[in-house]
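Chain naming here is simple, since letters A, B, ... match the order of the sequence lines and numbering starts at 1 in each.
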There are 2 protein chains.
Amino acid sequence: MSTKGRGRPRTYDSDAALGAALEVFWERGFAATSLDDISAATGMARPSLYAAFGNKKSIYRKSIDKFNREFLGQLEAVLFAGTGIENDLVNFYLAALPTYRSGDRVARGCPVICTATVEAAVDDTIQGDLAAAFDHIDGALVARFEQAQADGELPGSAVPSRLGMLAAALLHSLAVRMRVRQKGFQAEQFVRASVGEILKT
Amino acid sequence: MSTKGRGRPRTYDSDAALGAALEVFWERGFAATSLDDISAATGMARPSLYAAFGNKKSIYRKSIDKFNREFLGQLEAVLFAGTGIENDLVNFYLAALPTYRSGDRVARGCPVICTATVEAAVDDTIQGDLAAAFDHIDGALVARFEQAQADGELPGSAVPSRLGMLAAALLHSLAVRMRVRQKGFQAEQFVRASVGEILKT
DNA sequence: CTCATTTTATACCGTTTCGTACAAAATTAA
DNA sequence: TTAATTTTGTACGAAACGGTATAAAATGAG
């Protein structure tokens, strides 16, 4: 690992490689993705992959971590945009949809919720990463409802922790539903209707 | 395939074998489960597995289908028990928890939502099975809210289709959260609080 | 120009994978 | 008892897997 100095210069960009690796993990899941798949997607030979990021699980964790930082950061910015609780919340979900719909062949939902969850039952480190990501989302949503209550947008009888967990459930459902691809499911309509129900006093 | 007649009698029970196969798929996911794993779990040699159920994907689909029939049937019975919408709904989720918590090592959530969803992006037949299962749950929940409205338990202004999809989101969230195993997550508390919010006029 | 250093790329190793061929075993029909 | 039929269990084969040893290639330092 050297940014400069003696030696043959590396031909890859670490961040781009992790992004390309995520794409294949996202489509096929962790177990069904081979190092050859990652090698083809990144253009890096297997020994280079190993030297740069470690073994397959390590590559997976690093690519998921990168996704979490970028994606959750973007979602949180929308959630705390300050356009009122209803608007912020609707925009929060709508901001996730383009990512959940992405994919060359078909929509793939959320890479974290849809691929890491499987591994969580047999791999404790991935389970830890995943639980931390869930905690992070829960915390952000609860905090947003607390802020709304402080701003007088919610009655004093409202319970932000309950609303936050309910709002998180909406995101989980969207994350898997977009990958399940039921015919006739209207994501935007579902988002607006559900947020309306949640905020109904 | 013969129930009686000439030939060496089979030593396995098809239903029990599919149940044992589901256990390993449930813990490790489809891709990470080998035919040797299934062979060990069922006590059937690989050629017998192949003769009885077909290839790995066929075994998976049959075992998931058996789970869906049994589990969803059980949940629907609770949902339509007729003890009032709030009780029925709470009991619906609570009835799912023992299954979601089951597992020798750790809780494994829902086998359908947590393992089939990964494959849905690359396998169209599994995607079709999965979408049908989701449609089924959606339909049952929406029907239950329609019934509640007809029974006068919900105001005329309520929209059963919206409430049903919101209630389905709760189940999806529970199904993955039980496998994610966040510290401090209280499932029963979450269920009661969320149902209370949903039914809050 | 020479040498130390770092990355690349080929090739290999042992293991595991899915699927099947084949003979032995166990039953019923004749 | 003999023959036909079905399941079982061993054993095999080709392919794919994760991971690594090793030499060639490409740079900077001296």
Provide, to the nearest angstrom, the distance between the [atom1] atom belonging to [X] and the [atom2] atom belonging to [N].
X     : N      : atom1 : atom2 : answer
B:L35 : C:dC18 : CG    : C1'   : 6 Å
B:D37 : C:dT16 : CG    : C1'   : 11 Å
B:F30 : C:dT17 : CZ    : P     : 13 Å
B:D36 : D:dC17 : CG    : C1'   : 15 Å
B:L49 : C:dG19 : CG    : C1'   : 12 Å
B:R10 : D:dT5  : CZ    : C1'   : 13 Å
B:R46 : C:dC22 : CZ    : P     : 17 Å
B:R6  : C:dA25 : CZ    : C1'   : 16 Å

Review point. Got a sec? Which of residues 50-58 of chain B come in under 4.0 Å of DNA chain D, heavy atoms?
Key: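 Close to the strand, none.
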Practice item. Look at all strands and tell whether B:T33 reaches a base, only sugar-phosphate, or nothing, counting heavy atoms closer than 4.0 Å. Key: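 Counting heavy atoms under 4.0 Å across all strands, the contact made by B:T33 is with sugar-phosphate only.
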Exercise for review: Looking at every strand, decide which applies to B:P9 at a 4.0 Å heavy-atom threshold: base, sugar-phosphate, or nothing.
Suggested key: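 Counting heavy atoms under 4.0 Å across all strands, the contact made by B:P9 is with sugar-phosphate only.
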Review point. Closer to the 5' end of DNA chain D via nearest nucleotide, is it B:T11 or A:R8?
Key: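 Mapping each residue to its closest nucleotide by heavy atoms, the 5'-most match is B:T11.
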When the side chains of residues 44-55 of chain B are checked against the rest of the protein, which donor-acceptor pairs come out under 3.5 Å, sequence neighbours left out?
unit_1	atom_1	unit_2	atom_2	d
B:R46	NH1	B:D36	OD1	2.5
B:N55	OD1	B:K57	N	3.4
B:N55	OD1	B:S58	N	3.0

Which atom pairs, donor and acceptor, lie under 3.5 Å between side-chain atoms of residues 160-175 of chain B and protein residues at least two apart or in another chain?
unit_1	atom_1	unit_2	atom_2	d
B:H172	ND1	A:S173	OG	2.8
B:H172	ND1	B:A168	O	3.4
B:S173	OG	A:H172	ND1	2.8

Practice item. Look at B:S34 and C:dT16 and indicate whether a side-chain polar atom (N or O) is within less than 4.0 Å of OP1 or OP2. Key: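 For C:dT16, OP1/OP2 do not have a side-chain N/O of B:S34 under 4.0 Å.
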Practice item. Could you name each residue pair satisfying salt bridge (charged side-chain N to carboxylate O under 4.0 Å, His left out) that touches residues 71-84 of chain B, not counting sequence neighbours? Key: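 Sorted pair list comes back empty.
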**Study point:** Non-neighbouring partners of B:D124 that pass salt bridge (Lys or Arg N to Asp or Glu O under 4.0 Å), sequence neighbours left out
**Key:**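 Applying salt bridge (Lys or Arg N to Asp or Glu O under 4.0 Å) to B:D124 gives A:R181.
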Check your understanding: Closer to the 5' end of DNA chain C via nearest nucleotide, is it A:M44 or B:P47?
Key ->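 First, find each residue's nearest nucleotide; the 5'-ward one identifies A:M44.
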**Study point:** ring-ring contact (aromatic ring centres under 6.0 Å, His included) partners of A:F185, counting only residues at least two apart
**Key:**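 Partners of A:F185 under the ring-ring contact (aromatic ring centres under 6.0 Å, His included) test: A:F190.
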Review point. Okay, side chain of A:E188, backbone of A:L94: is any donor-acceptor separation there less than 3.5 Å?
Key: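 No.
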Point to revise | Gap between atom SG of A:C114 and atom CD of B:E119 - 0.5 Å precision | key: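 Output value for this atom pair is 11.5 Å.
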